[in-house]
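The next block holds one structure in the form of structure tokens; read it before the comments.
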Amino acid sequence: LLCVDNKNLDNYTNGLLIANKANTIDDRIENRLDNVSLEETINPDIYIVGPGDSFLFNMISSDGMVTTDVSISPLGTVLIPNVGDIYVDKLTITETFNKIKDKCLKTYANAKINLTLFNIRKFKVQVVGPVYKPGNVIVNPLTRISDIYDLVKSEYEEKNDNISLRNIELIRGTSSINVDLLSYYQNGNKDLNPYIMQGDIVKFKIKDKFITISGGVKIPNIYEFYKDETLRDLIEIAGGFSDNADTNYIHLTRFINDK
């Protein structure tokens, strides 16, 4: 004889449905992030949200549990069920989550609220200059200047020889940032290879200022330089001093009016 408690059966069924829903959400998160290659865990205090970003929202209150994904609209707002529109555009993830939680707690005072990033948005940025593919390119907030260069350069390296990697201009609002990819490639300092932000313009230029470094350096060559760069900076670009270099003797030849 098998006795079944209908109430417990209902609870078991609901638990199974919730588990199935959770598994489905996990699968959806994995699918959404398939096309995003992460260098490292996203820092919620740095990542700036915008239209197209989505969050997984979970709220447990006396009224029950709500689990859903919410997206930032083109107007910069997220619509939370039974709470309303919340403007979050251009906030960090941390600021966004705190703002959503504060709004929800005004309606559901004792609620427990959980949020996580669910989908990373894509947007267009403008690329100008003597590159093989100028125009608008589709990127995401984890795209760096080096990624932009890889998208717009020619597959034939000789056609990229005249493109400056040391004088890339990143125009952001009213400010202009000089990006030195060659230095980044040499020493791996990620500060020299910034992330792209929505509204940026990336301007590539032709190489036009050169210096020849020879003798006691590890990589003697003809190098491009930029304004206000020091001799020490240029020696670092050339790989630094060689082991047998006499650092007390540096010969500098400067041509003025081709003389």
Side-chain angles (χ1 to χ4, degrees), residues 5-125 138-144 172-175 190 194-200:
D5 184 327
N6 286 337
K7 182 177 180 181
N8 288 337
L9 180 61
D10 288 343
N11 288 338
Y12 171 78
T13 304
N14 288 339
L16 182 61
L17 290 173
I18 291 170
N20 286 340
K21 184 175 183 180
N23 289 337
T24 302
I25 290 170
D26 287 342
D27 291 341
R28 286 163 64 193
I29 291 176
E30 186 175 347
N31 290 337
R32 290 281 186 103
L33 297 179
D34 271 349
N35 296 323
V36 177
S37 299
L38 298 179
E39 295 177 6
E40 56 191 359
T41 303
I42 292 174
N43 187 335
D45 295 324
I46 294 177
Y47 184 102
I48 304 296
V49 305
D53 280 324
S54 298
F55 313 110
L56 184 61
F57 172 83
N58 170 260
M59 182 169 67
I60 303 171
S61 69
S62 56
D63 289 352
M65 183 175 74
V66 175
T67 300
T68 186
D69 56 286
V70 294
S71 297
I72 301 180
S73 75
L75 298 178
T77 62
V78 290
L79 181 60
I80 304 298
N82 302 322
V83 174
D85 263 347
I86 304 172
Y87 188 81
V88 297
D89 188 34
K90 293 183 175 62
L91 299 180
T92 66
I93 291 178
T94 299
E95 292 168 338
T96 298
F97 288 1
N98 287 339
K99 190 170 184 178
I100 291 173
K101 289 177 181 180
D102 289 344
K103 284 279 189 177
C104 290
L105 290 173
K106 289 180 180 178
T107 304
Y108 299 95
N110 297 315
K112 181 179 179 181
I113 302 153
N114 302 294
L115 288 149
T116 191
L117 183 63
F118 179 49
N119 183 52
I120 295 174
R121 73 189 187 278
K122 294 180 180 179
F123 53 88
K124 292 180 179 180
V125 295
I138 297 175
V139 298
N140 64 55
L142 305 178
T143 302
R144 293 183 181 271
R172 179 167 292 167
T174 58
S175 63
K190 292 181 180 179
Y195 287 118
I196 288 293
M197 294 181 66
Q198 204 155 355
D200 284 350

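- Within 6.0 Å of CG in Asn110 there are 12 or fewer heavy atoms belonging to other residues, nucleotides or ligands.
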In sequence, state the C-alpha distance, the side-chain angles, and the governing distance for Ile42 and Leu117, and then conclude on side chain to side chain contact (heavy atoms under 4.5 Å, CB included). CA-CA 9 Å; Ile42 292 174; Leu117 183 63; 3.8 Å; yes
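- Ala111 and Ser61 get closest at one heavy-atom pair: CB-CB, 4.0 Å.
- Side chains of Thr94 and Asp45: a donor on one and an acceptor on the other come within 3.5 Å.
- For Arg121, the side-chain hydrogen bond (donor to acceptor under 3.5 Å, both in side chains) partners are Asp53, Gln198, not counting sequence neighbours.
- Between the CG atom in Asp102 and the CZ atom in Phe97 there is a gap of 13.5 Å [rounded to 0.5 Å].
- Separation of atoms CD1 (Ile113) and CG (Leu105) is listed at 4.0 Å; rounding is to 0.5 Å.
- Residues that satisfy the salt bridge (charged side-chain N to carboxylate O under 4.0 Å, His left out) test with Glu40, not counting sequence neighbours, are absent from this structure.
- Separation of atoms CG (Asn82) and CE (Met59) is listed at 6.5 Å; rounding is to 0.5 Å.
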Would you check, one step at a time, whether the test side chain to side chain contact (heavy atoms under 4.5 Å, CB included) holds for Ile72 with Phe55? CA-CA 9 Å; Ile72 301 180; Phe55 313 110; 3.8 Å; yes
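- Contact detail for Arg172 and Tyr195: the closest heavy-atom pair is NH2-O, 3.0 Å.
- Contact check for Lys99 versus Leu91: side-chain heavy atoms found under the 4.5 Å cut-off.
- Shown here for Ile86 and Lys103, the closest heavy-atom pair between the two residues is CD1-CB, 3.6 Å.
- Shown here for Leu79 and Val70, the closest heavy-atom pair between the two residues is O-CG1, 3.6 Å.
- Scanning both residues, Ile120 and Tyr47, for their nearest heavy atoms gives CG2-OH, 3.5 Å.
- Between Pro141 and Phe123 the shortest side-chain heavy-atom distance falls below 4.5 Å.
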Between Ile93 and Leu115, does a side chain to side chain contact (heavy atoms under 4.5 Å, CB included) hold up when you go through it step by step? CA-CA 10 Å; Ile93 291 178; Leu115 288 149; over 6 Å; no
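- Residue-environment remark: NZ (Lys124) stays at or below the threshold of 12 foreign heavy atoms within 6.0 Å.
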If you apply the rule side chain to side chain contact (heavy atoms under 4.5 Å, CB included), what do you find for Phe57 with Thr67, and how did you get there? CA-CA 6 Å; Phe57 172 83; Thr67 300; over 6 Å; no
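- Closest approach of Gly50 to Asp89, counting heavy atoms only: CA-OD1, 3.5 Å.
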